[in-house]
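Note sheet for the following structure.
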2 protein chains.
Amino acid sequence: MIGDRIRELREGENILLRQLAAQLDMDTALLSKMERGDRQFRKEEILELAKIFHQSEKELLTLWLADRILKSTEGEAYISEALNLALTTYQQSL
Amino acid sequence: MIGDRIRELREGENILLRQLAAQLDMDTALLSKMERGDRQFRKEEILELAKIFHQSEKELLTLWLADRILKSTEGEAYISEALNLALTTYQQSL
DNA sequence: ATTGACTTGACAAATTTTGACTAAAATAAA
DNA sequence: TTTATTTTAGTCAAAATTTGTCAAGTCAAT
């Protein structure tokens with residue numbers, strides 16, 4: 001999800017994986033995994049990517065956090081119910 | 001949240017922390033932390049607790065998963081947005 | 001002051017996540 | 001097809017996180 005978006009942005013600007021990896025100071029193989037969702041981005045990387053691609057931090061961070069949320073539910077039952085409950089619980093806590 | 005519910009159920013049946021801990025084959029201190037939300041239950045423990053207290057697995061697992069979801073978002077920005085996005089993304093994936 | 005129930009903090013053990021590296025696979029260019 | 005480049009997959013150890021245990025702590029009731 002965030003990985004797809006990053007790939008989309010990268011390809012939209014015709015930047016190679018290894019070039020973007022260099023900008024982020026990371027191994028190309030690792031960035032490849034991150035774009036494909038095998039590994040998670042770190043928040044700092046998302047912020048850096050927002051700068052590089054002139055996207056709002058909010059958009060990218062939201063995608064990134066949604067990914068992490070879904071990852072934390074992988075393989076479980078009652079995911080919709082739990083997400084709904086988490087949402088209302090969170091909103092009430094504000 | 002799930003911890004509160006377990007404590008409620010336990011106290012409702014006048015079971016001591018150490019007694020329930022014994023039934024779950026765990027240290028009393030650990031169960032104490034779990035009820036208070038310091039530590040997370042494992043899924044097998046939730047299933048066992050559903051049996052012990054004659055509650056539906058769905059109810060307890062949903063509470064448990066919602067807890068884990070919220071924990072995975074702790075300290076982040078755009079939590080509501082991400083939860084909503086995670087929810088719609090998940091539902092579309094079905 | 002002693003007992004019983006529960007809580008807390010510190011530490012060690014276990015598990016999971018992570019990044020670097022290597023090589024294989026896919027893709028593109030010649 | 002060969003060669004070069006880009007991407008993906010697999011492995012391994014280090015780092016980080018989670019988990020379990022124990023001892024000491026609080027608090028309330030006796």
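Remember, it's a predicted structure, so these values are computed and weren't measured experimentally. We name chains A, B, ... by the order of the sequence lines, and we start the count at 1 in each one.
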- To the nearest angstrom, the CG-C1' distance between Asp27(A) and dC12(D) comes to 14 Å
- Task: Output the single nucleotide from dT6(D), dA5(C), dT17(C) whose closest atom is nearest the side chain of Lys71(A).
- Result: dT17(C)
- Query: Taking 4.0 angstrom as the limit, do Glu59(A) and Arg5(A) come out as a salt bridge?
  - Reply: yes
- Message: dA5(C), OP1 or OP2 - any side-chain N/O from Arg18(B) closer than 4.0 Å?
- Response: yes
- What is the distance from CE of Met26(B) to P of dT21(D), rounded to the nearest Å? 9 Å
- Query: If you take all heavy atoms of Asn14(B) and Gln19(B), which pair is closest and at what distance?
  - Reply: O-OE1, 4.3 Å
- Taking only N and O in the side chain of Arg7(B), is any of them less than 4.0 Å away from OP1 or OP2 of dA5(C)? no
- Query: Which residue lies toward the 5' end of DNA chain C, Ala29(B) or Leu16(B), if each is placed at its nearest nucleotide?
  - Reply: Leu16(B)
- Taking only side-chain nitrogens and oxygens of Arg42(A), does any of them come within less than 4.0 Å of OP1 or OP2 of dG19(C)? yes
- Please report, rounded to the nearest Å, how far the P atom of dT17(C) is from the CZ atom of Arg68(A). 11 Å
- Message: On a heavy-atom basis, which atom in Phe53(B) and which in Glu13(B) lie closest, and how many Å separate them?
- Response: CD2-OE2, 3.7 Å
- Atom pair distance, as rounded to whole Å: CD in Glu45(A) and P in dT17(C): 17 Å
- Query: How many Å lie between CD on Glu35(A) and P on dT6(D), as a whole number?
  - Reply: 14 Å
- Message: Whole angstroms only, please: what is the CZ-C1' distance between Arg39(A) and dC12(D)?
- Response: 11 Å
- Query: Going by modelled atom types, is there a donor-acceptor pair between the base of dG10(D) and the side chain of Lys33(A) at under 3.5 Å?
  - Reply: yes
- Message: Rounded to whole Å, please give me the gap between CG in Asp38(B) and C1' in dT8(C).
- Response: 9 Å
- Message: Heavy atoms only, 4.0 Å cut-off, all strands: where does Arg36(B) land among base, sugar-phosphate and nothing?
- Response: sugar-phosphate
- Which heavy-atom pair separates Ala66(A) from Met1(A) by the least distance, and what is that distance? CB-SD, 4.4 Å
- Tell me: CE of Met34(A) to P of dA20(C), nearest whole Å? 10 Å
- Message: Using OP1 and OP2 only, check whether a side-chain N or O of Ser32(A) sits under 4.0 Å from dT8(D).
- Response: yes
- Side-chain N or O of Arg10(A) closer than 4.0 Å to phosphate OP1/OP2 of dT7(D): yes
- Message: Restricting to non-hydrogen atoms, name the atom on Leu24(A) and the atom on Leu31(A) that form the minimum distance, rounded to 0.1 Å.
- Response: CD1-CD1, 4.2 Å
